[in-house]
Amino acid sequence: MTPALEGSGGTGSSRILVALGGNALTAEGDAGPDAQRRAAERAMKQVAELVAAGNEVAITHGNGPQVGNLLLKNEIARHAVPPVPLDWCVAQTQATIGYLIMTALERELAVRRIGSALAVLLTRVLVDPADPAWEHPSKPIGQSNRRLVPSPEPVEILDRDAVVRLLDDGAIVVAAGGGGIPMIRENGGIRGVEAVVDKDLCGALLARAIGADRMLIATDVRAAATGFGGDDPEWIDSISSDRLRELIDAGEFGAGSMLPKVEACARFVEGGGEEATICHLGELDRALAGAAGTTVKAGT
Ligand code: ADP
Ligand code: MG
């Protein structure tokens, strides 16, 4: 953390969690390796600017298209190779997407003569076996072959301590990719379960767990809006968490898309985080300065 500079309003160094949407990491519905690599390169140009400005940066990311493709591969190949469970697939996407991010970010930092250590952490997240989500699969994954899987609430970032130690030591950390690998407590231990946790909700939990000052959710629209999908959407530039909750209750935000983002922002600031911002991936640094996106602060 950066206690001396905390609350300095974006001029000094902050600890920032950046959450990257699956859309930001896959170009135009193309989940081919080249498209994914190029998307990661585009995204890391933006993230490198946050690092260059002196911020401590942790990154999380979605995995919807990628994990869906792995499941499909499993199915098609099941007579030749034993299928693996969904939690294994989530772990695989943390590794591959993390690898793309790490490599792209390293290059962007080198251009700026920054030699920070980079780490991609396999990150497990605790979920509740009694979560109603098990009975109502709601999370769409995959591309051509969309399907719904259970998406329980994230309860605890099990690998939090490792993330914090690396950040405290000056590393840039990619963590809790794809919403984290979902685990339940059982018989005095833990085991993986077949689900995909929402990456924005998990991001809010991670951001609080690492003591982040700011959370930035980068997606493919400029901000959250009211009247979205209508003729005259009104983009929200700044809003209190209480007012945001009223708009949530009024059904202004798309379930499974904008809703988890605004919910994540509300949770982060209600839990003590300074500000949370939803913005277009191309406007990350402007969003950090309060000049783009939807910024949420705690209060009425
Ligand atoms: P990501 O992959 O970044 O998580 P999502 O597709 O899940 O992106 O969420 C972003 C999408 O949310 C936007 O592209 C937009 O179509 C949709 N959306 C739904 N409701 C709203 C709203 N009220 N304001 C802005 N965008 C909205
Ligand atoms: Mg999403």
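In each ligand, atom 1 is the first atom listed, and ligand 1 is the first ligand listed. Here the structure is a predicted model, which means the values were calculated and not measured.
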Answer yes when [X] and [Y] have at least one side-chain N-carboxylate O distance shorter than 4.0 Å, and no when they do not.
X	Y	answer
Arg165	Asp159	no
Lys297	Glu270	no
Asp200	Lys261	yes

Where ligand 1 meets [X] - atom numbers and elements under 4.0 angstrom, heavy-atom basis:
X	value
Ala225	22 (C), 23 (N), 24 (N), 25 (C)
Val221	13 (C), 14 (O), 26 (N)
Gly254	19 (C), 20 (N)
Gly256	7 (O)
Lys199	4 (O)

*Proximity winner for atom 13 (C) of ligand 1, if only heavy atoms of Asn63, Asp220, Ile236 are counted*: Asp220

*Nearest heavy atom to atom 4 (O) of ligand 1: which of Met258, Arg222, His280, Lys261 does it belong to?*
Lys261

*Determine, using heavy atoms of Ala224 and all atoms of ligand 1, whether some pair is separated by less than 4.0 Å.*
yes

*Decide whether the shortest distance between a heavy atom of Gly227 and an atom of ligand 1 is less than 4.0 Å.*
no

*Would Gln66 and Gln36 satisfy side-chain hydrogen bond (donor to acceptor under 3.5 Å, both in side chains), going step by step from the backbone distance to the final call?*
CA-CA 10 Å; Gln66 294 88 350; Gln36 287 192 55; 3.1 Å; yes

_To the nearest 0.5 Å, what is the distance between NE2 on His61 and CD1 on Ile97?_
5.0 Å

_Evaluate Ser138 against Ser151 for side-chain hydrogen bond (donor to acceptor under 3.5 Å, both in side chains), listing each step before the verdict._
CA-CA 6 Å; Ser138 66; Ser151 192; 5.2 Å; no

Check [X] against ligand 1 and report side chain, backbone, both or neither, counting heavy atoms closer than 4.0 Å.
X	value
Ala223	backbone
Glu252	backbone
Thr219	both

*Hey, could you give me each pair passing side chain to side chain donor-acceptor pair (under 3.5 Å) that has a residue in residues 81-105? Not counting sequence neighbours.*
Asn63-Thr93

_What I'd like to find out is whether the side chain of Cys265 reaches to under 4.5 Å of the side chain of Ile239, using heavy atoms alone._
no

